[in-house]
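Encoded as C-alpha cells, the structure appears first; notes follow it.
FYI, the numbering just counts along the sequence from 1. Just so it is clear, the model here is predicted, and its values are computed rather than measured.
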Amino acid sequence: EDGPAMDVVDVFDFLVDYRFHDHQHSPGVVFRCEQFEDEIRSMGESGHYANVETLLSATQNDPAKNVQGPPGTMANPATFKDIRDFSDGVTMDIRQEKADYRLYEIYEFWGLFDPKYDAASGERGEEKEYVITLGRKVSSAGQSDGGWVPLRVSENPYWHGKRPAVVSHYTRRAHAFHSVGIIEPIVNLSAELDDSRNMGLAARGLASKPVIIASDDADVYSNNLILDPGSIVRARSTDALKALFIPDRSDTAWKSEEVIKSDIRETTGITSTFQGSSDAASETATSVVSRTREANKRISESCKNIAEEFLVPMLEMFHSLNQQMITKERMVELIGEDGLTVDVQKISPEDVAGMVGFEIIALPEIEVAGLKARMLDAFTGRAMEIEGMAPGTTRLPELLKMSY
C-alpha cells in the first residue's frame with residue numbers, strides 16, 4: 001500500500017518470444033531470479049506461495065568437491081552471464097554457508113494459460129492471463145539441482161490485466177525485441193580506444209624501464225640490470241651495456257585517441273559541448289548552436305522511445321495499482337509544477353478512481369544554459385538600442401529577468 005515500485009531486470013533473467021514487437025501481445029514472458037530461504041518463507045507466510053515446505057525439504061545432491069578455476073575455463077565452463085558477474089565481483093557462494101542462506105531458483109511465468117486443458121481427453125477451456133511460479137533448490141556449487149515445485153498458479157491479480165513488465169528501448173531495431181542499447185554503437189570504438197591506451201602505457205613502461213643489451217664482456221647479473229637512480233654497474237668496458245632502442249610512441253598515436261573520442265561523441269550524439277568542454281577553443285557560438293541542434297535531433301529519437309514505450313505504460317500500470325491498492329484515506333505529498341514546492345493533501349479511493357490516460361507533451365532536449373544566457377544577453381543589448389530609438393517597442397524588464 002506504500003505505492004508501486006519498479007525494479008531493473010537483467011536481460012538474461014527476462015525470457016520472451018522475440019517474434020513479437022510487444023511482449024504484452026506475446027503468449028507470455030518469464031522472469032528468472034534467485035531467492036534465499038528466508039525470502040521463500042516470507043512469501044509463503046504472506047500467502048503468495050504454496051508448497052513452501054515441499055520446496056525447502058527437497059533433497060540436494062552437493063558435488064564431492066568444488067570445481068577449481070574461474071568461470072569460463074575448460075575445467076569450469078560457464079555462461080556469458082556467469083563470466084560477467086564473476087568479472088564484476090558478484091558471487092553468491094560465500095552466502096550459502098548457513099541453512100537460512102540457501103539459494104532457490106525461481107521461474108515466474110506471466111501469460112496465457114488454460115487451466116482446464118486436458119491433452120488426453122482433448123478438453124479445452126478459455127485462456128486467461130495467469131501467473132505460474134516454479135522453484136527448485138540450487139546446490140552450493142551454483143548449479144540447479146532437484147525437481148521443480150509449483151509455488152503459485154493463479155490468475156493475474158492486477159487490475160490492469162497486463163504482465164508487470166515494461167521494456168525500455170534506447171533505439172528500436174527491426175526483428176530484435178531488445179533492440180539497440182546505448183553502448184552497442186560504440187563497442188568497436190571503445191575497444192579501439194582501449195587498445196590505443198594500453199599500447200601507450202606499454203610504451204611508457206618501456207621508456208621508464210628500458211630493455212638492456214649486455215654482451216659477454218659485461219659480466220653482470222641480470223638482477224643487477226634493474227636500475228635505480230644513482231646505481232653503479234661495473235663492466236669490463238663501457239660498450240658492454242646499452243639500452244635497446246625502441247621507437248617511442250609518436251604524437252600521432254596520442255592524437256588518434258582524441259579522434260576516437262570524437263567519433264564516440266558523434267555516434268552517440270553527446271558532443272563535447274554537452275559534456276562541459278569543447279574540442280576547439282576557437283569554436284564560434286553559431287557552430288555550437290548548430291551542433292547542439294543536430295545532436296538534439298539524434299537524442300530526441302531515444303527520448304521518444306523511452307517516453308512513449310517505457311514511461312507511459314509504466315505510469316498507466318502505476319495508476320491502476322494505485323486504484324487497486326488504496327483502500328482508505330491517506331495523506332500524500334503532491335509535487336508542484338515547478339518541481340520544488342510540495343503540497344500535502346488527503347487522497348481517498350474515490351479520488352483515484354477511473355481510467356487516466358498519460359501523454360508526453362514535451363520531449364526533453366539537452367541545452368547549454370550558458371550558451372542560451374549569452375544569446376539572451378546579446379539580444380537584450382540590441383533591444384536597448386532599439387528602445388532608445390523607439391520607446392515602448394520592447395519590454396526591457398522581462399528581457400533583463402530572462403537574461404539574469
Side-chain angles (χ1 to χ4, degrees), residues 4-7 9-37 39-61 79 81 103-139 143-167 169 175-179 309-310 313-314 316-321 323-325 355:
M6 180 186 66
D7 294 327
V9 179
D10 197 333
V11 293
F12 293 103
D13 295 332
F14 183 67
L15 311 179
V16 69
D17 193 336
Y18 294 100
R19 296 174 298 177
F20 292 84
H21 180 80
D22 185 0
H23 72 87
Q24 297 288 358
H25 300 137
S26 67
V29 297
V30 177
F31 296 95
R32 178 199 170 277
C33 66
E34 293 178 348
Q35 295 180 356
F36 293 108
E37 185 169 318
E39 295 176 306
I40 299 293
R41 292 187 181 276
S42 176
M43 293 292 287
E45 294 173 357
S46 62
H48 294 292
Y49 284 174
N51 304 324
V52 171
E53 294 301 328
T54 303
L55 175 63
L56 300 182
S57 61
T59 58
Q60 180 179 354
N61 300 322
T79 63
K81 181 177 184 296
L103 275 177
Y104 294 84
E105 189 177 26
I106 305 297
Y107 279 83
E108 193 170 84
F109 168 79
W110 291 81
L112 298 175
F113 176 67
D114 181 8
K116 297 183 180 180
Y117 175 76
D118 188 352
S121 62
E123 182 182 357
R124 294 179 179 271
E126 181 184 359
E127 284 188 339
K128 296 182 179 180
E129 286 288 332
Y130 265 74
V131 51
I132 302 174
T133 306
L134 303 175
R136 61 179 177 180
K137 188 173 292 186
V138 179
S139 66
Q143 300 174 354
S144 301
D145 193 19
W148 293 100
V149 176
L151 300 176
R152 175 169 54 182
V153 179
S154 63
E155 292 191 31
N156 190 326
Y158 297 126
W159 281 9
H160 52 62
K162 300 179 180 179
R163 294 117 193 210
V166 182
V167 180
H169 299 276
H175 310 293
F177 181 81
H178 290 302
S179 300
E309 300 179 4
F310 173 72
M314 182 188 68
E316 291 177 348
M317 289 187 183
F318 277 15
H319 180 71
S320 177
L321 292 178
Q323 293 180 251
Q324 183 177 356
M325 301 302 175
M355 293 297 297

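Taking 4.5 Å as the limit, every side-chain heavy atom of Met317 sits out of range of all side-chain heavy atoms of Tyr158. Under the 4.5 Å side-chain criterion, counting only non-hydrogen atoms from C-beta, Glu108 is in contact with Arg152. Looking only at side-chain heavy atoms (C-beta outward), Arg163 and Ser26 come within less than 4.5 Å of each other. You'll find the side chain of Glu129 reaches within 4.5 Å of the side chain of Leu112, heavy atoms only.
For the atom pair Ile106 CD1 and Ile40 CD1, the distance stands at 4.0 Å (nearest 0.5 Å). The line from CG of Asp17 to CG of Leu15 is 11.0 Å long, rounded to the nearest 0.5 Å. Note that the CE atom of Met325 and the CZ atom of Phe318 stand 12.0 Å from one another [nearest 0.5 Å]. Atom CE of Met43 sits about 6.5 Å away from atom CD of Gln35, to the nearest 0.5 Å. A distance of 9.0 Å separates CD of Glu39 from CG of Leu103, quoted to the nearest 0.5 Å. Trp110 contributes atom CH2, which lies 11.0 Å from atom CD1 of Ile132 (distance to the nearest 0.5 angstrom).
Annotation: Phe36 is not in aromatic contact with Tyr104 [ring centroid separation under 6.0 Å not met].
When all heavy atoms of Ala165 and Phe14 are compared, the closest pair comes out as CB-CE1, 4.0 Å. Looking at every heavy atom in both residues, Phe20 comes nearest to Phe177 through O-CD1, 3.4 Å. Residues Gln324 and Trp159 come closest through the heavy atom pair OE1-N, 3.0 Å. Closest of all the heavy-atom pairs between Val131 and Pro157 is CG1-CD, 4.3 Å. Contact record, Pro150 with Leu134: CA-CD2, 3.6 Å, taken as the closest heavy-atom pair. Residue Glu105 comes nearest to Trp148 through the heavy atom pair O-CZ3, 4.2 Å, listed as atom of the first residue, atom of the second, then distance.
Aromatic ring pairs are classed by plane angle as parallel below 30°, tilted from 30° to 60° and perpendicular above 60°; the pair Tyr130 and Phe113 is perpendicular.
Side-chain N or O atoms of Ser320 include none that pairs as donor or acceptor with a backbone N or O of Glu316 at under 3.5 Å. Between the side chain of Asp114 and the backbone N or O of Gly125 there is at least one donor-acceptor pair closer than 3.5 Å.
A donor atom on one side chain and an acceptor atom on the other are found under 3.5 Å apart for Ser179 and His169.
Between Lys116 and Glu127, none of the side-chain N atoms (NZ, or NE/NH1/NH2) sits under 4.0 Å from a carboxylate O, so this pair counts as no salt bridge. Using a cutoff of 4.0 Å between basic side-chain nitrogens and carboxylate oxygens, Arg41 and Glu45 are not scored as salt-bridged. Looking at Arg124 and Glu126, no side-chain N of the basic residue comes within less than 4.0 Å of a carboxylate O on the acidic one, giving no salt bridge.
Qualifying side-chain contact (heavy atoms from CB on, under 4.5 Å) partners for Thr54, counting only residues two or more places apart in sequence or in other chains: Asn51, Val149.
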Does the side-chain contact (heavy atoms from CB on, under 4.5 Å) test come out yes or no for Val167 and Val16, once each step is laid out?
CA-CA 11 Å; Val167 180; Val16 69; over 6 Å; no

